[in-house]
Every structure is written in structure tokens, then in C-alpha cells.
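The sequence lines fix the lettering, A, B, ..., with proteins before strands; numbering per chain opens at 1. Quick note: numbers below take in every heavy atom, side chains included, and nothing from hydrogens, waters or symmetry partners.
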Amino acid sequence: MTATAPLPAHGAAPSDEIARALDLARAKRWLVAAVVTILCLWVLVPIYLVLVNALSTPSEVSGWPKSFVPSFAMESLAFFAGYRGVAEALLNSVMVAAITMVLSIVIGAPAGYALARFDFAGKNAFRILVLMTRAFPLPLLALPLAVAYIQIGLDDTILGLAFVHTMLAMPFAVLITASLFMGVPFELEEAAWTLGCTRLQAFVKVVLPLVSPGIAASAVFAFVVSWNEVFAAAVLTIENRTLTAFLLQSLNVSPLHLKFAGAAVLVLPALLFLFAVRKYLFAMWGIANR
Amino acid sequence: MRRHLTTTSALATLTLAAFAATSAPAPAAAQELLFWSTQARPVEEAQGMREEVLSGFEGGAVDYQPQDAGPFITRLRAETEANEGTIAVVGALHGELTAFADAFADLSAIDVSAASPALVELGRLGTDEQRYVPWMQATYLMAANRAALEHLPEGADVNALTWDQLIEWGRAMEEATGSPKIGLPAGPQGLRHRVVQGYFYPSFTDSMVTRFRSDDAVAMWETVKELWEVTNPRSTSYNFMQEPLLADEVWVAIDHTARLAEAFNQRPDDFIAFPAPAGPTGRGFMPVVAGIAVPATAPDQEASLALVRYMLQPDTQIATLRATNFFPVVDVELPEDMPPSVRAAGAAIALQSGAPDANPGLLPVGLGDLGGQFNQVYVDTFERIVLAGQPIEQVLDEGAQELRRIVDEAGAPCWAPDAASEGPCPVE
């Protein structure tokens with residue numbers, strides 16, 4: 001731009017301007033709609049394909065052309081209903097994930113609060129240190145962990161596995177809650193103190209209600225981390241297998257139609273859970289009906 | 001907000017309840033024998049092992065747990081190091097068991113006279129004790145869609161094919177259909193190293209290790225490159241050849257019998273099994289052996305031994321064949337009503353091992369935990385020469401160096417088809 005454009009003359013020009021603005025707005029709307037559609041398809045198409053194939057007969061699954069309407073053949077899914085240990089494994093998975101959720105919030109949220117509110121020596125080092133638990137691959141950690149667990153009797157317990165999953169979920173819990181607490185102005189807490197609250201009361205009555213949707217969201221995240229973890233679960237549990245440890249390694253090498261049916265069995269409970277807590281997830285992204 | 005809080009607290013109560021439920025003492029579980037295995041991992045096979053094979057064991061309930069090699073090894077090592085364990089019986093391939101020779105109890109007390117002596121010898125793992133006993137065996141075979149047979153080159157007998165005829169066949173199929181119809185299991189989980197070790201090398205060089213880098217080997221890789229030209233390029237994603245066969249993506253393939261079984265079982269009339277092709281030095285093929293061992297840390301040695309004995313009984317061996325498509329290691333009379341995959345493979349195996357030019361290449365012996373690195377050399381060589389098109393001599397020189405280092409470090413003497421050696425197997 002070398003010279004400032006002359007101001008539009010009164011008359012025809014403003015309508016040009018308006019038309020352009022309208023065009024821009026329309027283009028923007030289209031762009032948003034397109035991005036939203038692509039993102040939705042990105043998530044929904046794989047899930048849809050899994051479900052269609054899970055509900056098809058083996059020959060339909062490996063055959064061509066593919067039908068996009070399921071024939072509602074239940075034989076692949078029925079296999080898993082009769083597969084010994086699926087129900088127990090599902091229960092174990094839910095319990096491990098639930099404990100992981102509780103532990104990572106109970107331990108992670110105070111750490112997040114400290115990171116958000118206090119300046120202390122080694123704060124940055126602590127922030128990095130929290131992330132370090134994700135820096136070591138689990139196959140490396142699993143051997144010494146398993147040896148220690150066998151020796152202290154935590155081996156093959158749901159609680160023991162939940163400890164490991166908590167460690168994996170912790171960095172997210174700490175960092176997400178830290179940013180949540182940072183989003184609540186310190187002045188609100190101070191105002192509560194001046195009105196006679198103790199520190200604890202101010203936290204419980206003022207800060208907690210404001211961050212609880214976000215905390216729930218990071219709890220959901222911990223749940224998903226635990227639900228998806230395979231290696232530690234496969235090594236550290238024997239009789240108390242989680243669903244992923246129980247099925248995933250077998251599915252990997254199973255015929256295609258059972259892969260799809262198994263994927264449906266693995267995905268559905270997590271989907272249902274996420275659906276049940278979806279409004280907390282929305283809250284984390286700031287579109288809650290607060 | 002009120003609503004949020006109630007739901008939150010409801011969630012919390014739920015999880016706390018779950019917490020309480022788990023910390024309560026678990027009901028005393030019946031003493032189950034844990035069968036820790038890398039075999040029969042596909043869900044249907046695992047189900048078959050549980051319901052048809054192990055349910056007949058009278059010495060107690062057996063918990064059959066098939067695992068990926070990673071968790072399998074980690075858990076076994078952890079129990080060995082902690083000197084305390086829950087695994088009663090271990091079942092795995094020969095190559096996976098070799099690393100744990102010291103962790104297993106001596107099984108000399110088990111009667112293995114019915115099993116093939118060569119397999120029993122493998123189970124000693126180079127010691128004078130029986131570290132594992134053979135459990136089941138398989139091999140690699142060719143499978144073809146019947147539609148492919150009409151394109152078979154003139155004068156070629158599908159049961160006595162040569163590698164050159166296979167290439168010609170592939171070319172004819174490509175011309176007729178417009179797409180390459182030969183498939184190799186060259187995917188990340190595919191058993192491509194076995195095809196190179198047990199099929200290419202013995203067929204062209206009468207060797208697996210010693211003549212790895214010889215003029216014959218150079219000529220062999222030239223032929224493999226020709227084969228690749230008529231091979232479906234999607235082979236680099238094939239792990240189990242039964243899937244592209246069933247999808248009609250390829251018509252002719254080579255793979256492990258257990259990884260072809262589904263094709264025969266789903267469409268028995270459409271597929272045939274036949275022996276691997278032969279080269280200038282015979283019809284190379286590789287028998288696959290799985291063994292059972294008892295860790296020294298098993299909670300109840302007697303019960304474990306009883307389970308091992310049970311696994312070797314003829315009836316159990318037949319049930320195992322039905323469940324896993326792995327063949328018995330002891331002499332048994334096969335009943336008539338076996339699944340199509342077993343009938344197809346059984347006949348082809350007999351033809352393959354009984355062929356006048358049969359040249360078996362055994363599984364590596366005595367490499368210990370270097371087996372993985374050994375296999376990697378063959379995978380790398382295949383990928384560099386065939387996929388990346390690198391100069392054959394140079395790749396073979398580098399591979400031979402690596403191979404020499406591995407074999408020397410393990411101190412492993414030669415195994416078939418290489419001639420027996422004093423000391424580590426030489427790499428020319």
C-alpha cells in the first residue's frame with residue numbers, strides 16, 4: 001500500500017462496501033461450516049465404518065464392493081458376548097479408570113493450584129519434572145515396576161494398575177488444572193477473605209464452583225488415558241485384566257470381521273461414558289451454559 | 001451450576017464406591033494355572049484353546065493368556081528377577097524361548113518319546129537338560145485362488161513349481177487381469193524374514209548364514225527383484241495373507257499355515273494349498289516349532305508338569321490343531337472331520353517335506369536373545385534391496401558383517417541347511 005485509498009464517495013460506493021462485507025461474512029460462514037463438517041466426518045466416519053462392519057457377515061466384511069448399510073448380522077458381535085472374561089475385563093477397566101480419575105484429580109489439582117497461585121523455588125523445574133513421567137516409554141518402566149509390584153504384593157491388583165495409570169495421567173491433570181486456577185482471578189479469593197472467609201472456605205465457596213466443570217473435564221481425560229493403556233495393563237495384571245489388555249493384542253492378529261466387532265466392543269463403553277459427561281467437556285472449551 | 005455440582009458429586013460417589021469395592025478383599029479365586037503364551041493370539045484361536053483344548057484338563061482350571069511378545073517377555077523376566085511368579089506354563093515359539101533357558105525348570109521327567117527327535121533336541125537349547133518340550137508345529141505354504149490356475153505357465157506343475165515359473169505365472173496373471181496378483185507378507189507384522197531365511201536362501205544358495213553374501217545370493221536377489229515386479233506393491237502392508245486372498249486382491253501368496261487358514265475355512269472351494277517353489281539348490285522350506293516350558297518360579301511345579309503332559313497327549317494335540325492350525329508334534333492319527341484349512345494344508349505339507357528336492361532350513365539355534373537382531377538383518381536386506389533398490393553387493397556386504405558379529409557374539413554353530421561347524425557358524 002503506497003497511498004491511503006480515497007474515502008469512498010457518497011452514493012454507490014457504500015453499497016459496494018456493504019456487499020463486500022456481506023460476501024466476506026458469507027465466505028466466513030461457509031468456511032466455518034466446511035471446517036466443522038470435515039471435523040465431524042473425521043470423527044464420525046471411522047466410528048460409522050466400525051459399526052457397519054461389526055454388524056456385517058464375515059464375507060461382507062472382506063468382500064467388495066462395500067455396502068454402507070449394515071445387514072445387522074450379529075454373529076461377529078455375538079462371538080464377543082460368548083467370549084470368556086469380557087464382562088469381568090470390562091468391569092476391571094471401568095474400575096481402574098475410575099480410580100485413576102479420582103487419584104489424578106485428588107493429587108493433581110492441588111499441585112495445579114500451587115503452580116497457579118504460588119511462586120516457589122524450583123517452580124519451573126517442577127513443571128518440567130511433572131512432564132518427565134511421560135518421557136520414559138512404558139516398556140522400559142514396566143520391568144522394574146513389575147518386579148517391585150511382585151515383591152510388595154501389588155501385583156495383579158486393580159489398585160496397583162491404577163497407580164501406574166495415575167502417573168501417566170498426572171501431567172495432564174496438573175497442567176490442565178493449573179491453567180484453570182490461573183483463569184480464576186486471585187482478587188475473587190482476596191475479596192472472599194475480606195468478607196470473613198478462611199483460605200479454605202474461600203477456595204471451596206468461590207474457586208471450586210468456578211473450576212469444577214474444568215476439573216471434571218480433566219478427570220474425563222484421565223479416564224481416557226487409563227482406558228486406552230495396554231502395555232502396563234498386560235504386564236501388571238493377570239486375573240484382573242482390563243478390557244484393552246484383554247482384547248487389543250488378540251484383535252491385532254484376528255480376522256477382519258472380528259477386528260471390527262472387537263473394535264466396536266472396545267469403543268462403545270468409552271463413547272457412552274464420554275456422551276454422558278459431554279457437557280463437562282464443553283465446559284472445558286468455554287461453551288458451557290454458565 | 002447447582003445441577004453441575006450434583007452430577008459431579010454423583011460421579012464422585014460412584015467412583016468412591018468403585019474404589020471401596022476394589023480395596024475390599026477379593027473373593028478367594030480358585031487356584032487357576034496360568035498358561036502364558038505368545039501363540040493362538042487371534043480371538044477365535046484363544047477361545048478354541050480355552051474351550052476345546054484346556055477345558056479337558058482334569059488337574060484344575062487353566063487360564064490361557066495369549067500375549068504380544070513385548071508384554072510376554074517383560075512379565076516372564078519380571079517373575080524371574082523377583083524370583084516369585086504366577087505363571088504355571090509358558091508356550092511360545094522356539095525363538096522366543098531361547099532367551100530364557102536359565103529361567104526354565106528341567107523337563108527331563110516328561111516322556112517325549114512320541115515326539116520327533118529333532119524337535120526334542122531343539123528343546124534342549126544347547127544344554128543337556130530339557131528346557132522346553134515341543135508343543136506344536138507349522139510351516140509356510142503357498143496358497144492360490146483357483147482362478148489363478150488357468151494362467152499357470154505351460155508345463156508347470158503347481159505342486160512342483162520353481163521360482164522362475166512363479167515369476168512367469170505372476171506375469172501372466174498381471175497381463176490377464178491388469179494388476180499384480182502375487183502377494184508376499186511384507187507388512188510390519190508380516191513374517192517376511194522367515195520367507196527370506198527359510199525359502200529364498202536355501203532354494204538358491206543351500207545356506208542360510210554361511211553363504212549369505214555369495215555370488216549365488218547376488219543372483220538370488222536379482223530373481224527376488226524380478227518376483228517383486230509382478231508382486232502386488234501393497235504387499236508392504238500385508239501381515240496375514242488370508243486377508244488379501246479373501247478380498248481377491250492377490251491370487252497367489254506364501255505365508256504361515258495359521259495365517260492362511262481363514263481363506264480355506266471361509267471359502268474352501270476357492271483356494272488350494274501347495275508347496276513352496278524350488279530354486280537351483282532345492283525346495284527350501286522352514287518348519288516352525290512352538291514349545292512349552294515351566295518357569296522355575298511356577299507356583300505349583302507338579303500341577304504345571306501335569307499340564308505339560310496333558311498338552312502332549314494325542315487327543316489334546318488334535319484339539320490344538322483344530323483350535324490353532326498348528327500340527328501335532330507327536331504321532332497321531334488325524335480324524336476325518338478336520339476343518340478345510342487343515343485338510344488343505346496337511347496334504348501340501350506332506351508334498352512339501354516329502355518332495356525329492358526338499359531342503360529344510362531350520363529355525364535359528366543357539367542365538368539366545370540375539371534372535372531378534374538376526375531376523376532384522378534379513379528384513380533390512382530385503383527392504384534395502386527390493387524396496388529401496390540399493391546395490392545388491394553393498395547391502396549384502398554390510399548385512400554379512402552384521403550377521404558375523406551376531407553369530408560370533410552368540411557363539412552359535414551352524415544349523416541346517418548350513419553344514420555343521422566347529423565354533424560359531426562362519427559367514428563367508
I need the A/I150 CD1 to B/T297 OG1 distance, nearest 0.5 Å. 8.0 Å
Considering only heavy atoms from C-beta outward, does the side chain of A/L143 approach that of B/R75 to under 4.5 Å? no
Sort and list the pairs that fulfil salt bridge (Lys or Arg N to Asp or Glu O under 4.0 Å) and have at least one residue in residues 220-238 of chain A, not counting sequence neighbours. none
Go through the atoms of A/D155 and report whether side chain, backbone, both or neither lie under 4.5 Å from a heavy atom of chain B. side chain
Checking heavy-atom separations under 4.5 Å from chain A, one finds in residues 252-266 of chain B B/E262, B/Q266
Part of A/Y149 within contact of chain B (heavy atom distance under 4.5 Å): neither
Applying side-chain contact (heavy atoms from CB on, under 4.5 Å), run through B/V43 and A/L247 and close with a yes or a no. CA-CA 8 Å; B/V43 282; A/L247 277 186; 4.2 Å; yes
Please name the pair of heavy atoms, one in A/S254 and one in B/P42, separated by the smallest distance, quoted to 0.1 Å. OG-CA, 3.3 Å
Chain A interface, residue from B/Q242, B/R50, B/E44, B/R77 that has the most non-hydrogen pairs under 4.5 Å: B/E44
Kindly compute the distance separating CD1 (A/I238) from CG (B/D63), expressed to the nearest 0.5 Å. 8.0 Å
Under 4.5 Å from a heavy atom of chain B, the part of A/L248 involved: neither
Comparing B/R267, B/E81, B/E84, B/E249 against chain A, the one with the most heavy-atom pairs below 4.5 Å turns out to be B/E84
What is the minimum heavy-atom distance between A/Q151 and B/A82, and which atoms define it? NE2-CA, 4.0 Å
Considering only heavy atoms, which portion of B/E243 lies under 4.5 Å from any heavy atom of chain A: side chain, backbone, both, or neither? side chain
With rounding to the nearest 0.5 angstrom, report the CD to CZ distance, B/Q65 to A/F246. 6.5 Å
When the 4.5 angstrom heavy-atom criterion is applied to B/Q189 and chain A, the contacting part is side chain
Would you check if B/D68 and A/F231 make a side-chain contact, meaning some heavy-atom pair closer than 4.5 Å? no
B/L34, part contacting chain A, at a heavy-atom distance under 4.5 Å: side chain
Select, from B/G85, B/P244, B/P71, the one with the greatest count of heavy-atom pairs under 4.5 Å involving chain A. B/P71
Of the non-hydrogen atoms in A/Y83 and B/A46, which two are nearest, and what is the gap between them? OH-CB, 3.5 Å
B/T74, part contacting chain A, at a heavy-atom distance under 4.5 Å: both
What pair of heavy atoms forms the shortest contact from B/W36 to A/R241, and how long is it? CH2-NH2, 3.8 Å
